[in-house]
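The analysis underlying the following values was restricted to heavy atoms, covering all of them including side chains, and did not include hydrogens, waters or symmetry mates.
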Protein chains: 2
Amino acid sequence: MEPRHTEVTVSASSSAHAAPRYDSVDCRRVSQLLARVGDKWTVLIVQALGGGPKRFNELKRLIGGISQRMLTLTLKNLERDGLVTRTVTPSIPPRVDYELTDLGHSLREPVDALGDWALAHMARIDAARERFDQTLAD
Amino acid sequence: MEPRHTEVTVSASSSAHAAPRYDSVDCRRVSQLLARVGDKWTVLIVQALGGGPKRFNELKRLIGGISQRMLTLTLKNLERDGLVTRTVTPSIPPRVDYELTDLGHSLREPVDALGDWALAHMARIDAARERFDQTLAD
DNA sequence: CAGCATCCGGGTGGATACTG
DNA sequence: CAGTATCCACCCGGATGCTG
């Protein structure tokens, strides 16, 4: 792991508010990235490719529920961002393999962190939603 | 431009290629959460509230560029998910304070991780995009 | 000050049909 | 098999105007 900043993270405790680690400009970029990563399929594809190179229809089956249009588009975006490589083998029938780059692999770490958070707190969120929707029904 | 990036020592917690840490169902939920978190304003609001409780227009000014419609909607979603509390002080003029819950604060950690990733690799992504767009222009 | 209601333009994403 | 092309429904989100 990179020994980047030793700054204290929030860890929901006594020292209420952590200093803002990002200025507003940074937040925009982060927000943009999250919008890209947070689109409907990117994470699914990255996670699917986390297990190694995959072919087009292999990915399609693996993910399930994705249209080939969206698979194509999302893969193209990932390739454009340098997160995925596209390797064509001009045979008949043609063969195309998609694989995560180092950059793509490195993305899995923070995404997994968010995944862990989601799994750890999903129950609380669902409960909060039910409570909220319930008190609205009055 | 040599990829001089710290090859993530995945041996720490999870291995790169081996067992997926999430099944497909988990991935859906993670994906859904990312879609929520990755919407246009959620992260900006969470980060703004990271500095402590804020009032409605205070948030609006702080974030800048957000319409009150979206601020209202996003705050309501955050409240529904139990990430933010809404405290009304019935005075004239009325006063409403928004504050991160413990759950909301805990979200900042993984989000910051993604933010660090974005800031660390944004240059590479931009470069990759330029290269990609360039080779398409041929 | 802190919203809600309404209208509306653009983008996202599914379904379908066709190609090399 | 691995796409491209087209059409279209939906919804996100901005602008505006009005309330308590």
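Put simply, the side chain of B/Thr85 never gets that close to the backbone of B/Thr101: no donor and acceptor are under 3.5 Å apart. Distance alone, capped at 3.5 Å, is enough to place a donor-acceptor pair between the B/Thr135 side chain and the B/Arg131 backbone. Of the possible polar contacts, none joining the A/Asp112 side chain to the A/Gly115 backbone as a donor-acceptor pair under 3.5 Å is found.
Protein atom CG of B/Asp39 is 13 Å distant from nucleotide atom C1' of D/dC11, rounded to whole Å. In this entry the distance linking CD1 of B/Ile92 with C1' of D/dG20 reads 9 Å, nearest Å. Put simply, CG on A/Leu73 is 15 Å from P on C/dA15, counting in whole angstrom units. Nucleotide C/dC4 holds its P atom 7 Å from the CZ atom of B/Arg86, rounded to whole Å. Here D/dG20 presents its P atom at 17 Å from CD of B/Gln68, a figure rounded to the nearest Å. Separating the CE atom of A/Met70 from the P atom of D/dA2 is a distance of 19 Å, rounded to the nearest angstrom. D/dC12 atom C1' lies 13 Å from atom CZ of B/Arg36, rounded to whole Å. We find that NZ of A/Lys60 is positioned 13 Å from C1' of C/dG13, with the value rounded to whole Å.
Proximity note for B/Phe56 (side chain, C-beta onward) versus C/dG3, C/dC1, D/dT4: the nearest is C/dG3. Closest approach to the B/Pro93 side chain among D/dA2, C/dT16, C/dC1 is made by C/dC1 (side chain taken as heavy atoms from C-beta onward). The B/Arg55 side chain lies nearest to C/dA2 when the options are C/dA2, D/dA2, D/dG13.
Comparing A/Pro94 and B/Trp41 along DNA chain D, the residue whose closest nucleotide (by nearest heavy atom) sits nearer the 5' end is A/Pro94. Each of B/Ile66 and A/Arg61 was matched to the nucleotide of DNA chain D holding its nearest heavy atom; the match closer to the 5' end belongs to A/Arg61. Taking for each of B/Thr72 and A/Gly65 the nucleotide of DNA chain C with the nearest heavy atom, the 5'-most of the two is the partner of B/Thr72.
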Item to complete: Just do the side chain to side chain contact (heavy atoms under 4.5 Å, CB included) check on B/Ser106 and A/His121 with the steps written out, would you?
Response: CA-CA 10 Å; B/Ser106 74; A/His121 301 295; 4.0 Å; yes

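Contact annotation: B/Tyr98 reaches the phosphate of C/dG3 (side-chain N/O to OP1 or OP2, under 4.0 Å). Between A/Arg69 and D/dT6 there is no side-chain N or O to OP1 or OP2 distance below 4.0 Å.
Using a 4.0 Å heavy-atom cutoff across all strands shown, B/Lys76 reaches sugar-phosphate atoms only and no base atom.
With no hydrogens or angles considered, a side-chain donor-acceptor pair links B/Thr42 and B/Asp39 at under 3.5 Å.
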